[in-house]
Amino acid sequence: MKLTDRAANGIAAPKAAPLCAPMRVGMMIGSIANSGAGVAVALHSLTRALHQIPGTSVEVFGMGADDGVTAERDWAGARLHLHKVRGPASFAYAPALSRSLADRPIDLLHLHGLWMYCSVATRRWAIRSGRPCLISPRGMLDPWALANSGLKKRIARRLYEDANLRHADCLHALCEPERQAIRDCGLTGPICVIPNGVDPVPEVRPATPEWRRALPPGAPVLLYLGRLHPKKRVLELLQAWHLAGLSNCANASAWHLVIAGPGPADYVQLLQKRIAQLELGERVRLIGPQYGLAKQATLSAVDAFVLPSLSEGMPNAVLEAWASGLPTLITPHCNLPEGYAVGAALRIEPEPEAIAAGLQTLFALSEESRLTMGRRGRELVGARFTWGRVATEFESVYRWLLGSGDRPDCIDTI
């Protein structure tokens, strides 16, 4: 419920409190499992960073079973509430969720993601409690995302999501393009613009992964890391790899492409079929999902990173690649123009010919040039994209919404 809505309905606004007064934040997400992909990764890291700020405690509300990433030790002491789902997992109806929210003494609720039952529960909690809500669409209001399964989303907007978004006290955009996409949906409330962050790379280098030992010693490797989904343009990446291999670039035949990430079985089979059709089996490998230490080991064992996506909020994988000192090839849809500006990324478009041109540019770079790009990326994330900095910005937004802090500079209003 907006602050103005509370006044109109006779609900007292929260009393101002000292800036460092204890603050209890609830985090809401459809799934905190690994299958939740980038949204779950971001929520996990943000929760850990927030919970370490003095005076701030966090409780996480999610749906589904523990898949191994939800252990208490992984969440810096934040309390977790998992709820059983009835019906389709895509909506994740959890009848115990509303009671769970009502029973916990949280001051503010922060929803991550849209189109699931947690949106319904968030709106009900806001109405009943009179406390503020912040919603992070996480790229789900971008034009491509709205068009994907468009009919279902139009129905969901009419039934519950529009009301949830319009009555939120504040919306969150990861970047300027997402802020504009939110405005283009007709949403006029405050928007805070805060990027994703990235966890520091461990000082101890992980053991060499098994897939790397199967390649020729010293062979340069390009990594795709992310969900295997049509919007990520993985099929187009394979076509581009084929085209680049046919070029006159002297170093093209030395490079190997490694594709890592989860995906539906039918899409994985489609990728495998395409690899066979293009006769890429000797230089392209699908290595499956990479989480935790396995992901760190994979990032430390490659020489460059590519994400030819059609639509993103702000991809954690790119930030992780920069933190690992990797040069990157990314599209403008990754919403990280800072990478181009500092020379940490090569710009590509999400079409095979354009991706192939970017690959040829990468193959022609000297090792020194690639290392320089990687160093620039590492410096960029250190200056702008740390979770400590991101958590501090969110804390200031939360306290503003609770009436105990000044309006932060990251807030956009119309």
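Quick note: numbers below take in every heavy atom, side chains included, and nothing from hydrogens, waters or symmetry partners.
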Looking only at non-hydrogen atoms, find the nearest pair between Leu299 and Ala321 and report the distance. CD2-CA, 4.3 Å
Can you find a pair of side-chain heavy atoms, one from Ile355 and one from Glu349, that are under 4.5 Å apart? no
Might you work through the side chain to side chain contact (heavy atoms under 4.5 Å, CB included) test for Asn164 and Thr122, ending with a clear yes or no? CA-CA 8 Å; Asn164 192 38; Thr122 295; 3.9 Å; yes
What is the distance from atom NE2 of His167 to atom CG of Asp162, rounded to the nearest 0.5 Å? 10.5 Å
Compare all side-chain heavy atoms of Leu43 with those of Val60 and state whether any distance is below 4.5 angstrom. yes
Side chain proximity check, Leu280 to Leu257, heavy atoms < 4.5 angstrom: no
Is there a donor-acceptor pair under 3.5 Å between the side chain of Arg283 and the backbone N or O of Trp255? yes
Separation between CZ (Arg99) and NE2 (His83), nearest 0.5 Å, reads 11.5 Å
Suppose we call two aromatic rings close when their centres sit under 6.0 Å apart. Are Phe394 and Trp400 close by that rule? no
Are the side chain of Arg370 and the backbone of Pro327 linked by a donor-acceptor contact shorter than 3.5 Å? no
So which atom in Ala383 and which in Arg389 form the shortest heavy-atom distance, rounded to 0.1 Å? O-NH1, 2.6 Å
Can you find a pair of side-chain heavy atoms, one from Leu326 and one from Val302, that are under 4.5 Å apart? yes
Verify the ring-centre separation between Trp75 and His51: is it less than 6.0 angstrom? no
Are any non-hydrogen side-chain atoms of Leu46 and Trp387 less than 4.5 angstrom apart? yes
Less than 3.5 Å apart, any donor N or O on the side chain of Ser369 or Ser366 sitting next to an acceptor on the other? yes
Please check this pair: side chain of Tyr224 against backbone of Lys232, looking for a donor-acceptor N/O pair closer than 3.5 Å. no
Checking side-chain polar atoms at under 3.5 Å, does Gln180 have a donor or acceptor matched by the opposite partner on Arg183? no
Are the side chains of Leu108 and Cys133 in touch, meaning some heavy atoms are under 4.5 Å apart? no
OH of Tyr398 to CG of Leu50, rounded to nearest 0.5 Å, is 5.0 Å
Any side-chain to backbone donor/acceptor pair from Glu178 onto Leu174? Under 3.5 Å, distance only. yes
Going by heavy atoms in the side chains, are Leu228 and Ile259 under 4.5 Å from each other? yes
Under 3.5 Å, side chain of Lys153 to main-chain N/O of Asn148, donor-acceptor pair present? yes
Verify whether one side chain among His256 and Arg285 offers a donor that lies under 3.5 Å from an acceptor in the other. no
Would Asp142 and Glu312 satisfy side chain to side chain contact (heavy atoms under 4.5 Å, CB included), going step by step from the backbone distance to the final call? CA-CA 8 Å; Asp142 290 355; Glu312 296 285 343; over 6 Å; no
Specify the closest pair of heavy atoms between Met63 and Cys118, including all atoms of both residues, with the distance to one decimal. CE-CB, 3.7 Å
Where do Met314 and Leu336 land on the side chain to side chain contact (heavy atoms under 4.5 Å, CB included) test, with the steps shown first? CA-CA 7 Å; Met314 179 172 289; Leu336 286 166; 3.9 Å; yes
Mark yes when over 12 heavy atoms from residues, nucleotides or ligands other than Asp103 sit less than 6.0 Å from its CG; otherwise mark no. yes
Check this for me: Leu159, atom CG, are more than 12 non-hydrogen atoms of other residues, nucleotides or ligands nearer than 6.0 Å? yes
Donor-acceptor pair between Ser98 and Trp125 side chains, under 3.5 angstrom: no
Atom CD of Glu320 and atom CZ of Phe385: how far apart are they, to the nearest 0.5 Å? 13.5 Å
Flag if over 12 foreign heavy atoms under 6.0 Å of CD, Glu176: yes
Examine the side chains of Ser90 and Trp115 and answer whether a donor and an acceptor come within less than 3.5 Å of each other. no
Using only atom types and a distance under 3.5 Å, with no angle test, would you say the side chain of Thr372 pairs donor to acceptor with the backbone of Glu368? yes
Between Arg138 and Asn196, is a side-chain hydrogen bond (donor to acceptor under 3.5 Å, both in side chains) present by the stated rule, with each step listed? CA-CA 10 Å; Arg138 297 284 177 184; Asn196 272 336; 2.6 Å; yes
Roughly how far apart are Met23 CE and Ser57 OG, rounded to 0.5 Å? 8.5 Å
Please find the pair of heavy atoms, one from Arg378 and one from Gly325, that lie closest to each other, and give the distance. NH2-CA, 3.3 Å
Quick check: closest heavy atoms across Val397 and Cys170, and the distance to 0.1 Å? CG1-SG, 4.5 Å
Residue Glu210 excluded, over 12 heavy atoms near CD under 6.0 Å: no
Indicate yes or no for a side-chain donor-acceptor contact from Ser45 to the backbone of Ala42 under 3.5 Å, with no hydrogens or angles considered. no
Backbone N/O of Ser324 and side chain of Ser300: donor-acceptor pair under 3.5 Å: no
In short, Ala121 meets Met28 closest at the heavy-atom pair CB-CE, 4.2 Å
May I ask you to check whether over 12 heavy atoms, not counting those of Arg213, lie within 6.0 Å of atom CZ? yes
As an exercise, state the distance from CD of Glu338 to CZ of Arg376, rounded to the nearest 0.5 Å. 15.5 Å
So, does Ser396 use its side chain to make a donor-acceptor pair with the main chain of Pro408 at under 3.5 Å? no
Check: Asp266/Gln269 side-chain N/O donor and acceptor closer than 3.5 Å: no
With the side chain counted from C-beta on, respond yes when Thr298 and Leu223 share a heavy-atom pair under 4.5 Å apart, and no when they do not. yes
Determine whether a donor-acceptor pair (N or O, by modelled atom type, separation under 3.5 Å) exists between the side chain of Asp107 and the backbone of Arg24. yes
Between Cys192 and Leu171, does the side chain to side chain contact (heavy atoms under 4.5 Å, CB included) criterion hold? Intermediate values first, please. CA-CA 6 Å; Cys192 61; Leu171 300 175; over 6 Å; no
